[in-house]
Each structure stands twice: as structure tokens, then as C-alpha cells.
Amino acid sequence: MAKIKHRALTSGGTSEKPAKRPRVAWMDESDDEAHSHKINGAEALKSLKFDAQSPRPTKKQKMAGAGPSGSKQAAMQEQRKQLPIALGRDAIIQEIKDNDVTVLVGETGSGKTTQIPQYILESGLARNGMIAVTQPRRVAATSLASRVALETQSQLGSLVGYSVRFSDVSSDKTKIKFVTDGMLVRELMGDPEMERYSVVIIDEAHERTLRTDVLLARLKGILKKRNAVPTEGKGKGKERAPKNPLKVVIMSATLDADKFSSFFGNAKILYVQGRQHPVAIYHTSTPQPDYVDAALRTVFQIHTDQPTGDILVFLPGQEDIESLDKSLQLYAKRLPQDAPGILTCPLYASLPASQQQQIFVPAPKGMRKVILATNIAETSVTIPGVRYVIDSGKCKEKRWVGRGVGGGFDTLLTRDITKSSAWQRTGRAGREAAGSCFRLYTEDAFSALPLSAEPEIRRCSLVASMLQLKCLGQDLEEMEFMESPDQEGIAQALMALYLLGALDDRKHLTDLGRRMAFFPLEPALSRAVLASVEFGCTSEVLAIVSVLSASSKLFVDTTDSRESAREAHTKFRHISGDHLTVLNVVRAYEEVLQAEGGADGRKASRAALKDWCVRNYVSHRCLTEALEIRAQLREYCERQAIDWRASCGDRVGEEQAVLRSLVRGLVQNTAFLQPDGRYKQVIGHSIVKIHPGSSLCDKKVPAIIYDELVYTTQIYARGVSAIPRNYIAEVPLLKHKGS
DNA sequence: CCTGAGGGC
């Protein structure tokens, strides 16, 4: 039998009698013989000690600890009591009528996102324009639109519609439009004052995505302009109203309503009660450094002691999920035959959709489902049937670590969650009935957690947002945001845009920059596309750029099948490195697509394509997404009068045009070979190695370009191609380098 | 000699 890597397993189970601390009921019954479903075998799982903290604090208690405005609380709470959403309807509408900006705090299950837009529509507030409702996620935008269309008994795309990338289901009849925040930012390009909208509702504002923060900052400026009372006629007794006023509603689910309110000049805050069942909360008595082991033991404690109901375990990443999955299955085998079994269900974004669907399939009778999930289950996916939540208290966070201009790289590290995240996870146990949440950390540890996450504007690259704002005539560094970006982030973005030729040396937007912003791509990739026009290889560069901007990885490379995957990938390999290797895969895939996509019907063709992908260890998901992106990019090319068919051909040497185009975009991602075999950045000071997964690993070439740097044991360059040194000197701003 | 939080245009 495979050995379990967790060591905190002792024989004798719960023989150790915990005494002093308050115990939860099921712990008090921890008499070994009394367990109905004992785990067989020499090794039994030692129980974990939890302190009860019940019931869940009310919003009032939480708010009291959250902000300085204790005195306002009573009034707000009083107001909240009168606002179960339907009853509060008239009051909410009145407030929106009376104020430019309203902050609405709605608990989960309050129905605020589906109801408020309808109330506004019925009130006539949106007589002159549309109501926009922004969402951070595509699925939310599309599913909410369907729901509201249903409730208004209208066809989706008429009165109620949505607009997300690749899919615009709206018409000139549309009055309520659900959009992703990124889509509304993009719409600003053609409608800088949002004049098509009478009301803009920013939902899930507390998530503080970079795009939401950009929208909030812009809305402040737009309000000033659109809602200003015209000054002519002043003093003549004739009151004038703004021509096309805008109403803004900020919807937030957590504790930072005060922040939004003060950002918008102490806007009114309204509270809407939710329909959430009570959740009992337990913290561990002692810290649990090995949270995977602690989760393992807690699952079986719940399984043996608690009534039916599925368990949702929050873990930081795939590795922990797979490890816990294995352990659970091993122990589940040892449950007595007549005892209920356990069905494990991993859930993370890169899991194939078919496996993700498993969470919606009810467990067979007599089985308990245990879902092992990342943050995806915190906001993006709601899982039915969950009564128990186990919270590891950990998550992964991507953070850009700057080391001077041009020398930055991304890290992806496990860290503690925030209080607001902990509450969100807890709430997942009370969606359908009363539930329990087991936190694998002490109450003291919980108290020490930060209230909410650092907003993206403080930890993500600002390059794309800065370029978009420049196109609106706005300077990111001078705008008023909820939280201002740090100087380092601004300097990095300015330098990046300058090196791409999007800004001139006076920080003014260039024609090139305007054309770059037009493409729905990272600025570096937009630059490569525009350069490809010059070098006559747009067809090739579009194919590569589409794969690079797809959300999943092209090459499947799991630990168990590494050898065969490597072998399958060799036939795609291009001598210059990874970029042209990607192109070879796309070309090969297209050949299969043409051969199979006959009159036989799409299903057979799709199956053949999938089969081809499996055999070649490439991701079907990545390729379908890439082709969709490429189709969109081709449309954008046509609108810019760019011939996307232009090709450099596939003769040997012709591919140099492709590499020259890529260098224009990846200027900052260039490095020269050093005598020791490592590479030194052309811009910036980092010494990097080629990632072992790259086709150029261990090769010594004079100069390289790469897609990204990842820091693990050292700084690795991923997605690498070899280039002649003089290609770097071709970049106008780098003339002195590389020659 | 490695490695994958979650999103968006």
C-alpha cells in the first residue's frame, strides 16, 4: 500500500482525552467505541481539537470591528432592518433618485443583483439610456442576464441582454445590460462619458479588480461632468438640470462600504438583508502547520460524527488537492463496509470541464461527497448540497516583484487568506440549510488576518490600463483612485509603454500606441502583431499570439506521462525555440481540422480533434480558445485595414520575420548569453536560466526572447526563442545594445 | 534541471 506522506497519524484514535477547552458537541462524544464508522487498520486518524464559536456574528458585530464609524452603525442597522429587498424597494429607489451615487451592501442571497436593475427600470430612472450592471466574471454576466430575462418574461437579448468577449447578446431594445468589467472599460474607448447609460451598477465592487478600480475612478470624473448643473441662466430664477445625468450604484458584499462611500463624497450606504442560514464556526485549539493533514483528519471527523451533507474543503492549489485526494481515497477504503462511503471531487480552473461538472452530480445514495477546491469555489462556482466547509486558511497569490525597471518578475506564493475571504468561505456552508465551518487555524490566527486583500492595482502590472487610459486622454498617475498605485508600478508601466513605442519621451500617446490599445491583447503582444505587418508575417504572428493569450497552457505535461509527452512533442519542435514550435502545433492542428471537418457532422470531427490532441499531448481547450481569439483578432485587423493573410511562408529562414516581430513586443524580455551559460537581461539586471520545460533548455545561443519570468528555485525564462543579437539593435530605442 | 490561485478585453 502506498505510503501516506502525512505523519500526524497515531494509533489509538481519540484515546487522548481533551479536557479543558470548550468542545464542540461532536468532540464531546469522541468515545472511541461510540463512533459509528470507525476507520479500520492499525493507523487511525487522530482527532483534531476545535473550539466552538457560535453563532456566527451578525453583520452589526462585524461592522463594529470593521470601521471607525460606530455611531452611524445604529442608524444603518435600523435602516437595514426595514430593507428586506422587496419591502425596501421604494426606499432604495428614492435614495437612488435623490443621490448621484448609492452604495448598496447586500448579503448573499439578498437578490440585489437581479432585483435592483428591474426596480430602476420600472421607476423610469433609465428613461434616456441603458442600465449597465458590471461583473468581474463572464459566467456571472451571462447567467444573471438569463435569470433577469426570465423574470421580466422577455427574450434574452431584447429588454435584457449581456455583453462579454466573443458574445454580445443585446440589441437596440436592450435596457438592462450585464457586462464584464473589462468589457465596460473597453466600451469607454468609443463612449468616454458612458453616454449610452443612465445608470451604471458596479457589482462585487469589494473584489477590487484592476478593471473595477479603473471604472470607479473614471465614474467619478464622468459624474462631475455629466451631472454638473449648467451655469447659464443662473440667478434668473430658472433652474436648469443636467441634460443626461448619470446614476451610479456600487454593490458590495463585505465590510468596506465606508471606503466606497467616502470615495464618492460620503455617499449614502444602504443595507439589504440576505437569506443566509446560520453557520456554526469552529477554530482549532492549536495551530496546524500541516493543513493538508489537518484537513484529512477533519474530513473523517465530520464523516463519522456529523449528519449527512457534503463537505467543501478550501485548499490553495492543485498540488495540495491531489495529495489530499489520494489520502482520502486510501482511508476511505478502510471504512467499515456498512458505513457510508466517501466520494472525492477535485475542483480547480485547469481541470477539464467534464471533470468540473462532477461537482453538480449528487453523490450516490449512502455516499458523502467531498469537494476539494481552490478559490474557484469562493466566488466563481456555487456548489449545491454543501453543509460543511473546511477552510485551510491559505490561498495562492500572484505578485509582481519589481527589481528595478525591466527586472521584475511574477511570483505565485501560498499565503494566508483575509477575513473577508474567510467569511466568504464560511458562507458556502449555509446556502441551503444551517451548516458548519471548520477553520484549520486558531481564533487568534483569524483575528490577526488582514481585513481584505490588497487591491490588484497595488500588485498587478499597470501597463494595459495605463495605455487604455491614455487613449481616453487620462493620465493614470494623476487620477484619483480608491487606492493609488505605487510609484514603482507607475514607473514600470511608463517604461514598458515607452519601450514599446506607445508613448514618446514626453509621455504622449503615439499613433502606434493608439493602434495597440485597439487590440484585445496585452500591449506587448499587440506590438508584435503590428510589427508583423511591417515584416509580412501577420498570419504566423496571429497564430502564436492567440495561443500565448489563451488562458490554458498548450502543452500537456503531467508528472506521470512526462516521457511520452516529450516524445510526442519532438515532432513539432522548431530549431529556433518555443514560439515557432507553437506555430507548428497550430498548423498541424489546422490540418487535422481541415481533413476531419467534412460533411460528416461536427461531432465526429470534434471527437477526432480531441483524439489528436490527446495523442499529441496538447491541450484541446487551449487550441479551441486560441482559434476563437485568432478569429476575433482577424476581425480587428480588418477594421484596421491589416491583411491578416499576409504570410512569410514556411521555407527555411523565412521564420526570421516572425522572430523580428516578436522582438518588437518582447523588448523587455530579451537576454544575452553570459560566459557561465546563464543569460543576462538586456534591460534590467536579472540573471535568468532557460526553464527546463523549454525546447531550448541547456542550449547556448547568443541571445533569447522569452514570454515570462517565473521565480521558483531561481529565475527561469519560459517560452524561449533564440534570436540573432542584431535583432535587438533593430529596436529603435535599443540601438546601442546588441550590435 | 522543473511546475501551474482566480479573473478579463
Side-chain angles (χ1 to χ4, degrees), chain A residues 134-141 163-168 179-190 204 207-215 314-322 347-351 373-381 392 394-399 410-417 421 424 453 456 459-461 464-465 467-468 471 516-523 525-526 549-559 562 565-566 619 622 625 628-629 632-633 635-636 677-678 689-694 696-698 708 710-718:
Chain A
T134 71
Q135 293 295 323
R137 284 165 290 277
R138 293 164 52 95
V139 270
S163 179
V164 300
R165 188 180 189 178
F166 305 130
S167 178
D168 181 0
V179 293
T180 45
D181 50 12
M183 194 51 125
L184 195 57
V185 171
R186 187 145 285 271
E187 278 190 9
L188 281 172
M189 305 280 203
E204 313 284 8
E207 289 191 28
R208 305 293 305 279
T209 68
L210 179 53
R211 298 169 299 278
T212 290
D213 273 9
V214 166
L215 286 175
F314 282 101
L315 292 164
Q318 183 179 347
E319 194 184 358
D320 289 331
I321 288 173
E322 284 170 355
L347 177 66
Y348 44 87
S350 62
L351 207 64
T374 59
N375 262 353
I376 193 172
E378 210 179 285
T379 48
S380 306
V381 180
S392 66
K394 301 285 177 187
C395 65
K396 285 201 181 188
E397 190 187 73
K398 198 172 200 170
R399 193 169 271 271
D410 273 326
T411 59
L412 188 62
L413 297 171
T414 300
R415 56 166 292 163
D416 288 340
I417 59 169
S421 188
Q424 187 71 30
E456 285 183 358
R459 39 174 249 260
C460 295
S461 163
S465 296
L467 180 60
Q468 281 175 321
C471 290
M516 280 167 58
F518 183 74
F519 285 98
L521 288 171
E522 278 173 45
L525 298 182
S526 299
S549 54
S551 51
S552 44
K553 294 244 177 294
L554 176 59
F555 292 111
V556 178
D557 180 25
T558 56
T559 338
R562 180 140 310 150
R566 281 282 156 92
S619 159
C622 175
E625 192 187 342
E628 197 174 10
I629 292 169
Q632 191 191 27
L633 295 178
E635 273 178 46
Y636 276 82
R678 296 186 300 170
K689 287 190 82 169
I690 296 177
H691 194 277
S694 167
L696 283 185
C697 182
D698 295 328
E708 58 175 354
V710 284
Y711 176 77
T712 51
T713 49
Q714 43 189 331
I715 306 171
Y716 284 107
R718 273 217 292 235

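Letters A, B, ... mirror the listed sequences (proteins, then strands); counts begin at 1. Reckoned from all heavy atoms, side chains included, excluding hydrogens, waters and symmetry mates.
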Taking atom types as modelled and ignoring hydrogens, do the side chains of T379(A) and Q424(A) form a donor-acceptor contact shorter than 3.5 angstrom?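 Note: T379(A) and Q424(A) side chains miss the donor-acceptor criterion.
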Please state how far atom [atom1] in [X] lies from atom [atom2] in [N], giving the value in whole angstrom units.
X: L351(A); N: dG6(B); atom1: CG; atom2: P; answer: 10 Å
X: L315(A); N: dG4(B); atom1: CG; atom2: P; answer: 14 Å
X: D698(A); N: dC2(B); atom1: CG; atom2: P; answer: 11 Å
X: K689(A); N: dC2(B); atom1: NZ; atom2: P; answer: 7 Å
X: R211(A); N: dG6(B); atom1: CZ; atom2: C1'; answer: 11 Å
X: E187(A); N: dG8(B); atom1: CD; atom2: P; answer: 16 Å
X: L412(A); N: dG7(B); atom1: CG; atom2: P; answer: 14 Å
X: R208(A); N: dG8(B); atom1: CZ; atom2: C1'; answer: 17 Å

Please confirm whether any donor atom in the side chain of E456(A) sits under 3.5 Å from an acceptor in the base of dG6(B), or the reverse.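 Flag set: donor-acceptor pair detected.
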S421(A) side chain reached by E378(A) side chain, heavy atoms, under 4.5 Å: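 Yes, side chains in contact.
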Return no unless some side-chain N or O of [X] is found under 4.0 Å from OP1 or OP2 of [N].
X: T379(A); N: dG6(B); value: no
X: T713(A); N: dC2(B); value: yes
X: T209(A); N: dG7(B); value: no
X: R138(A); N: dC9(B); value: yes
X: T180(A); N: dC9(B); value: yes

Go through [options] for me and flag the one nearest to the [X] side chain.
X: P692(A); options: dC1(B), dC9(B), dG6(B); value: dC1(B)
X: V164(A); options: dG7(B), dA5(B), dC9(B); value: dC9(B)
X: K398(A); options: dG4(B), dC9(B), dA5(B); value: dA5(B)

Would the distance check show the side chain of T411(A) and the main-chain N or O of R399(A) forming a donor-acceptor pair, the cut-off being under 3.5 Å?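 Yes: the side chain of T411(A) pairs with the backbone of R399(A).
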Taking 4.0 angstrom as the limit, do K396(A) and E319(A) come out as a salt bridge?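 Between E319(A) and K396(A) there is no salt bridge, as every charged N stays at least 4.0 Å from the carboxylate O atoms.
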